[in-house]
Amino acid sequence: MGLVHFCRCVWALSLELDDFVSTGQPLDSSLSKIYHPSVHQCSGRKPFHVEPRNIVDDDPQKRISAEAAILNSRVHYYGRLTASSDMLLSPPNHVIPLNEELYVYSPLGTAFKVPDGDSASKNPSIVTIFAIWNTMMGTSILSIPWGIKQSGFTLGILILILTGLLMLYCCYIVIKSPKAIPNEDTSSWEFPDVCRFYFGKTGQWSSLLFSMVSLIGAMVVYWVLMSNFLYNTGQGIQNFVHNISTSDSEFGTNGSDRVICPFPKTNPEGNDTTCTLRLSSVGNSSDPGAFEHYWSKTRTVPLYLIVLLLPLLCFRSASFFARFTFFGTISVVYLIVLVTIKAVRLGFHLEFHWLDTSQFFVPEFRQFFPNFTGILTLAFFIHNCIITLMKSNKNQDNNVRDLSVAYLLVGLTYLYVGVLIFAAFPSPPLYKDCIEPNFLDNFPSSDVLVFVARFLLLFQMITVYPLLGYLVRVQIMGQLFGNHYPSFLHILILNIFIVGTGVAMAMFYPNIGSIIRYSGAICGLALVFLFPALVHMMSLRQDGRLSWPSAFFHSFLIVLGLANVIAQVFM
């Protein structure tokens, strides 16, 4: 919106203001919104301002000085030049004041204070903390028990704590990085802008690429989980309607809180990825019935989701789906309640075998721990949007404290779910190695509490999936074409690629644990370890404060990120 148009609007607002002063009638809401400070975007300057020294009376009917009245007349004069398209006739900078106290005033000499929209949009610390917690709580929470099983109970807890601390420190670097740049207005910068400042176009495009890896990886995990939840929901309804009991065909426990082992281990000490995938295709085709033929977890259900989700991805705006983001909080809270109930009913089943292997339990230290580090890299990942979240914090001095508290809550949530599910898993008669990458798969489709959890998560993911697709579209199309929606054909081609990737993974590699650890390790290498560490070292070097211990530690962070990626290939 141009300044000339603003000048035209201020004349109408001045008349409304005079009516307000003389009659007490409220200002028209549409005109009031015009002067909300958040809508002004003119190089950080906001028009129609009266300096405090020009307010000569503090009564409700504020009066302005003669100097302010002259400035007001000058602004209205420019507002009358609406017929000209010459930018030379637009209000010059010396007419447009700085970001101080903002007033709207009329030719009659009255001044009206406009509320500061920036402060109105700020959040207290408690809201910021839970916003970070809610954003970080995603599908990774379902794989935390599997990650602890892969690492061993004791080593898994230690890895979770240490990884959380490292991720917190790297996130702290990201928050501080814009403020460390001298002689630049970084108030609107995000971390890709910081990477562009230090590394040029290479840094900008690299950060975009790895951000896309994290987003598309999350969308692939969502598609696999939605296929899983939709399949189990339909299977549960089918079993309930036809009164079908699957207790005899599943290897598991008996009783009301039944726990199953969908793919019993033949080699308790081996990695379970290959075995799970090999047996999953057999399990889907074991029953030749009509329902199982058309309702298969890997053959048909992933294709059914295309009919629903592909049109939703093509929506021009994702604002409708943003209204349902609160379901994420509801789903996580319900999962915590579900885990608590199951743990209380099942009890703890733990034996500590530090290095040796037993029939039903895993060692406390296992060589497959890199699987867990890959998962945790994505579970604690919020680095690509933390600057945006922290900008809305009311007290910017508390950013570090609030970020630390948020990470503490996230870590405690992961520990609570992971430890309880691992400890309560009934061994014997089942093996701890039976814990699935999605721990809900260890409960039958007939379990009512788990059925509700799957349904809530399915609905949440159906609403969040288009939001993730919108973020991918905005970043890719904005960089390539300078337009978030260049044409319907461009958007359709991009969405077909995203959906096709999800369908292929859901049909041929439906292991969310492996998908999460690979995508987490790859995006974490760049956005968590490499770029933050390099940016921090370059910033310290420019200030002459880079020491050898600091250089060694931050170089070690980069080595850790690289080792995390390499280790995923061999696990």
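These values consider heavy atoms only, across backbone and side chains, with no hydrogens, waters or symmetry-generated copies. In this chain, numbering begins with 1 at the start of the sequence shown.
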Can a donor-acceptor pair be found between the side chains of S177 and W189 at a distance below 3.5 Å?
no

Name the residue from N395, N393, N399 that meets the side-chain hydrogen bond (donor to acceptor under 3.5 Å, both in side chains) definition with T128.
N393

So, do V221 and L225 sit near enough that their side-chain heavy atoms are less than 4.5 Å apart?
yes

Would you name the heavy atoms of N442 and P262 that are closest together and state the gap between them?
ND2-CD, 3.9 Å

NZ/NE/NH1/NH2 to OD/OE distance under 4.0 Å, D433 and R366:
yes

Quick check on F459: does its CZ atom have over 12 non-hydrogen neighbours (other residues, nucleotides or ligands) under 6.0 Å away?
yes

When rounded to the nearest 0.5 angstrom, what is the spacing between CE in M390 and NZ in K176?
10.0 Å

I216 and L468: side chain to side chain contact (heavy atoms under 4.5 Å, CB included), yes or no, with the steps?
CA-CA 8 Å; I216 295 178; L468 295 176; over 6 Å; no

To the nearest 0.5 Å, what is the distance between OG1 on T413 and CE on M136?
10.0 Å

Working to the nearest 0.5 Å, report the span between CG of L378 and OG1 of T139.
7.0 Å

Measuring only between side-chain heavy atoms, which start at C-beta, is L168 closer than 4.5 Å to L408?
no

Do C171 and I382 have side chains that get closer than 4.5 Å, going by heavy atoms?
yes

Does any N or O in the side chain of S151 come within less than 3.5 Å of the main-chain N or O of I148, such that one atom is a donor and the other an acceptor?
no

Check the side chains of N232 and S445 for a donor-acceptor pair under 3.5 angstrom, ignoring hydrogens and angles.
no

Geometric class of the H383/Y407 ring pair [parallel <30°, tilted 30-60°, perpendicular >60°]
perpendicular

Cut-off 3.5 Å, side chains only: do N228 and D441 have a donor facing an acceptor?
yes

Does one side chain, of R401 or S125, offer a donor that lies under 3.5 Å from an acceptor on the other?
yes

Take H554 and Y169 through the ring pair (Phe, Tyr, Trp, His ring centres under 6.0 Å) test and state the conclusion after the steps.
CA-CA 11 Å; H554 291 92; Y169 176 71; 5.7 Å; yes

In the structure I gave you, are the side-chain heavy atoms of I159 and T373 within less than 4.5 Å of one another anywhere?
yes

Hey, what do you get for CZ (R517) to CD1 (I522), rounding to the nearest 0.5 Å?
10.5 Å

Less than 4.0 Å between a side-chain N and a carboxylate O, is that true for K342 and D447?
yes

From the options F365, F422, F361, select the one residue that forms a ring pair (Phe, Tyr, Trp, His ring centres under 6.0 Å) with F153.
F422

Go through it in stages, so that I can follow the logic: the residues are M167 and L376, the test is side chain to side chain contact (heavy atoms under 4.5 Å, CB included), and I'd like the CA-CA distance, side-chain angles, deciding distance and then a yes or no.
CA-CA 9 Å; M167 298 285 286; L376 291 175; over 6 Å; no

Check for a donor-acceptor pair, side chain of E436 on one end and backbone N or O of W146 on the other, with a separation under 3.5 Å.
no

Within the distance-only criterion (no hydrogens, no angle test), does the side chain of E364 pair as donor or acceptor with the backbone N or O of T154 below 3.5 angstrom?
yes

I want to check something: taking the side chain as every heavy atom from C-beta on, are L412 and W133 in contact at a cut-off of under 4.5 Å?
no

Within 6.0 Å of OH in Y172, more than 12 heavy atoms from elsewhere
no

Please name the pair of heavy atoms, one in F380 and one in L160, separated by the smallest distance, quoted to 0.1 Å.
CE1-O, 4.0 Å

Compare all side-chain heavy atoms of F191 with those of I386 and state whether any distance is below 4.5 angstrom.
no

Can you establish whether the number of heavy atoms outside F352 located under 6.0 Å from its atom CZ is more than 12?
yes

A side-chain contact here means heavy atoms from C-beta on lying under 4.5 Å apart; do F451 and I237 qualify?
yes

Under a plain distance cut-off of 3.5 Å, with no hydrogens placed, do S227 and Y304 share a side-chain donor-acceptor pair?
no

Please assess F229 against M461 for the test side chain to side chain contact (heavy atoms under 4.5 Å, CB included), listing each intermediate value before the final yes or no.
CA-CA 10 Å; F229 295 149; M461 291 180 181; 3.8 Å; yes

Is there a donor-acceptor pair closer than 3.5 Å between any side-chain N or O of S143 and the backbone N or O of P437?
yes

Check whether N495 reaches the backbone of L313 with its side chain - one donor and one acceptor, N or O, closer than 3.5 Å.
yes

What distance do L309 atom CG and Y465 atom OH have between them, rounded to the nearest 0.5 Å?
6.5 Å

Looking only at atom types and distance, does a side-chain atom of R454 sit under 3.5 Å from a main-chain N or O of L440, one as donor and one as acceptor?
yes

Non-hydrogen side-chain atoms of W295 and Y231 separated by less than 4.5 Å
yes

Could you check whether atom CZ of F130 has more than 12 heavy atoms from other residues, nucleotides or ligands sitting under 6.0 Å from it?
no

Does any N or O in the side chain of S514 come within less than 3.5 Å of the main-chain N or O of N511, such that one atom is a donor and the other an acceptor?
no

Spacing of OH belonging to Y414 relative to OG belonging to S140, to within rounding of 0.5 Å
5.0 Å

Take atom CZ in F556; do more than 12 heavy atoms of anything else shown fall under 6.0 Å from it?
no

May I have the step-by-step check of side chain to side chain contact (heavy atoms under 4.5 Å, CB included) for L457 and Y334, ending in yes or no?
CA-CA 10 Å; L457 288 169; Y334 183 83; over 6 Å; no

Measure from NZ or CZ of K432 to the centre of the six-membered ring of F425 and say whether it is under 6.0 Å with the direction within 45° of the ring axis.
no

